[in-house]
Structure formats: structure tokens, C-alpha cells
Amino acid sequence: MRVATFNVNGIGARIGALLQWLEETQPDVACLQELKAPQEKFPEAAIREAGYCPIWLGQKSWNGVAILARGVEPQEVTRGLPGDPSDEQSRYLEAAVNGILIACLYLPNGNPAPGPKFDYKLAWFERFHKRAQELMDSGAPVILCGDYNVIPTERDAYKPERWVEDALFRPESRAAYQKLLDAGWLDALRATHPDEVIYTFYDYMRDAYGRNAGLRIDHLLLSPELAPQLKAAGTDHAVRGREKPSDHVPTWVELDWPA
DNA sequence: ATGACTGATGGAATCAGA
């Protein structure tokens, strides 16, 4: 079973590239972030024609997440990150697919830091810690995947010294990510590629992709129950080099699990 | 420190992204 995550940076602008990628790689589950579309503008028909059943949480202009399952309806578990009813940003969805609990997240960017946006990021992270622990305690096989907006370590940035003051790389952000790993979640890409330079984001500006000036900020974290089933993980790097690409690269895990 | 790119909104210029 293959589970992928892809920050599409606008489902409207990216529908062609998304359908091509789905057709080529046939993930069993695809988690999408940054739909940048209101609920009613999600291209449900086109995605169903491609063989995928979607659930989604939209929002005008910004954010927005979706979970697509190939040939089966995702069973929605949670809509929106629990813990703050006043939070109106569409950044979190959970669904069960083939007996695996899939959490799709788009963690706040947090810049500029310090400031209210960084405070929101850290508060969001705390709520996420709480929810992640509940899921782990349930004993179910779980994948937490999406755009974490965290550069975990120095090897995950092309020039780490340029990011030390940035919300993606500040000590608070890294510590919050590390806390997940300490709790027992497995960073699937790093686990399967301990020393490799792997990036999942390239800025549109100054030919970042051509210079391989990237960041690794999209992550798939496996619960201890699921970790032994990890067979492979990687990125669909070439997708970033096509016409009208997202600035993020699709990222995936392959699990020894019946699809 | 700034700018360059891109998408959405709204129908120009601005915000947000990372």
C-alpha cells in the first residue's frame, strides 16, 4: 500500500499536474495540502473520474486539505484539529482507509518569528501533539502526513545557516517536531535514507529547483504499530521540474499492507 | 535587508507562502 502527501499550492491551478501524477504513480492514498479553494470549488468530479474518492476541507484563498483514496471511500474520522473551536483555518483531516488511520495536516508556516503567527504555529503544534498521542494510544496503525513546515535538522536544508531565525527552523519548531519522534513516531523518509540529502520543497524564485536549493518539510510519520511494515519511502522529484509545478514535491511511503 | 516567483482575489494591487 502506498500513501503519499503532496502540497499542491492551489488545487485549481494544479488539477492537471495532480491528475497526471495520480495516473502515473497510483498511490492508494493521497493527502493534499494548500487547496486554496472554498469548499464548493473542489474539483470532485475530475478526481472521481480518475478513480479516487475524496474528502476535503476547503477555505477561501488559503489553506485547505484533502484525503483521496483509490477506489474506496475514505471513512472520515475528524474534521479540523481538535482543541480550539475558534480556530477557523482548514488545516487538518483524518480518515480511515483500508484499516489505517490517515491524518492529513498542513501545519502553520509561522513567519515572521517571533510574533502572533509564530505563536499560532506553536499552539497548533501543542494541539497536534495531544491528538497524535490519542491516536497512538488507540493502538491503531496511524500515518501522520503532510506539510509540517519544519526543517527537522541541518541536513534538511540546502543552507541551514540561512534559516536559523526562520519559523521553519527555529529551535522551538525543531523541538516540537522532535517531540513527536521522541514519543515513538517514525520519520519514514529519514528512517529509510539516513544520510541522504532529500528535499520536498523548492522555492519558485531564483531557480531553486535547478540549483537543488531545497528544504525537507513534508513528512510521513508512522505509529509504532505500522513502523515494522515500512518497505520504502521517497519523493517524486521530477514532478517539481514540469510545467506549472507546485513548489512542493510529492512524497510517499510504501507499506507491507494489503491495499 | 531586499528581491525574485506564484496563486487567489477581483478585476489592480495586495496578501501569503517558506
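Here is how names work: the chains are called A, B, and so on, in the same order as the sequence lines, proteins then strands, and each is numbered from 1.
For the OP1/OP2 pair of dA18(B) and a distance below 4.0 Å, the side-chain nitrogens and oxygens of His248(A) include at least one atom meeting the criterion. For the pair Lys60(A) and dG7(B), the criterion of a side-chain N or O lying under 4.0 Å from OP1 or OP2 is not met. Between Asn9(A) and dA8(B) there is no side-chain N or O to OP1 or OP2 distance below 4.0 Å.
Closest to the side chain of Met205(A), out of dA18(B), dA4(B), dG7(B), is dA4(B). Nearest nucleotide to the side chain of Leu168(A), out of dT6(B), dA18(B), dC15(B): dA18(B). Listed candidates were dG17(B), dA18(B), dG7(B). Nearest to the side chain of Lys117(A) is dG17(B). Checked against dA16(B), dG3(B), dA18(B), the side chain of Phe201(A) finds its nearest nucleotide in dA18(B).
dG17(B) atom C1' lies 12 Å from atom NZ of Lys121(A), rounded to whole Å. In this structure, Asp147(A) places its CG atom 11 Å from P of dG17(B), rounding to the nearest Å. Atom CZ of Arg162(A) is separated from atom P of dA1(B) by 13 Å (rounded to the nearest Å). Rounding to whole angstrom units, CH2 of residue Trp62(A) and P of dA18(B) are separated by 13 Å. Straight-line distance from the CZ atom of Arg206(A) to the P atom of dG3(B): 12 Å, rounded to whole Å. Rounded to whole angstrom, the span from the CG atom of Leu215(A) across to the P atom of dG17(B) amounts to 15 Å. Atom P of nucleotide dA8(B) and atom NZ of Lys244(A) are separated by 8 Å, given to the nearest angstrom. Between the CD atom of Gln89(A) and the C1' atom of dA16(B) there is a distance of 11 Å, given to the nearest Å.
At a threshold of 4.0 angstrom between heavy atoms, the contacts of Tyr106(A) are confined to the sugar-phosphate backbone, with no base atom among them. Residue Asp203(A) is classed as having no contact, given no heavy-atom separation below 4.0 Å to the nucleic acid. Nucleic acid contact for Asp207(A): none, since no nucleic acid atom lies under 4.0 Å from a heavy atom of the residue. Note on Asn63(A): nothing from the nucleic acid sits closer than 4.0 angstrom, heavy atoms only. At a threshold of 4.0 angstrom between heavy atoms, the contacts of Ile217(A) are confined to the sugar-phosphate backbone, with no base atom among them. If you check every strand for non-hydrogen atoms under 4.0 Å, Asn149(A) touches sugar and phosphate atoms only.
Each of Gly12(A) and Asn7(A) was matched to the nucleotide of DNA chain B holding its nearest heavy atom; the match closer to the 5' end belongs to Gly12(A).
Of the charged side-chain nitrogens involved, at least one lies within less than 4.0 Å of a carboxylate oxygen, so that Arg70(A) and Asp28(A) count as a salt-bridged pair. With respect to Arg48(A) and Glu73(A), a salt bridge is recorded, a charged nitrogen being found less than 4.0 Å from a carboxylate O.
Using the six-membered ring where Trp is involved, Phe42(A) and Trp56(A) have ring planes that are parallel, under 30° apart on the 30 and 60° scheme.
Residues Val142(A) and Met136(A) are not in side-chain contact: their nearest non-hydrogen atoms beyond the backbone lie 4.5 Å or more apart. Side-chain contact check for Leu135(A) versus Ser223(A): every heavy-atom pair is 4.5 Å or farther apart.
dA18(B) sits 14 Å from dG7(B) when the P atoms are compared, rounded to a whole Å. Going from the P atom of dT2(B) to that of dT6(B) covers 22 Å, rounded to whole Å. Distance check on atom C1': dG10(B) versus dA1(B) gives 32 Å, rounded to whole Å.
Side-chain atoms of Asn109(A) and base atoms of dA18(B) include a donor and an acceptor less than 3.5 Å apart.
Using modelled atom types, one finds a donor on one side chain and an acceptor on the other under 3.5 Å when comparing Lys36(A) with Asn9(A).
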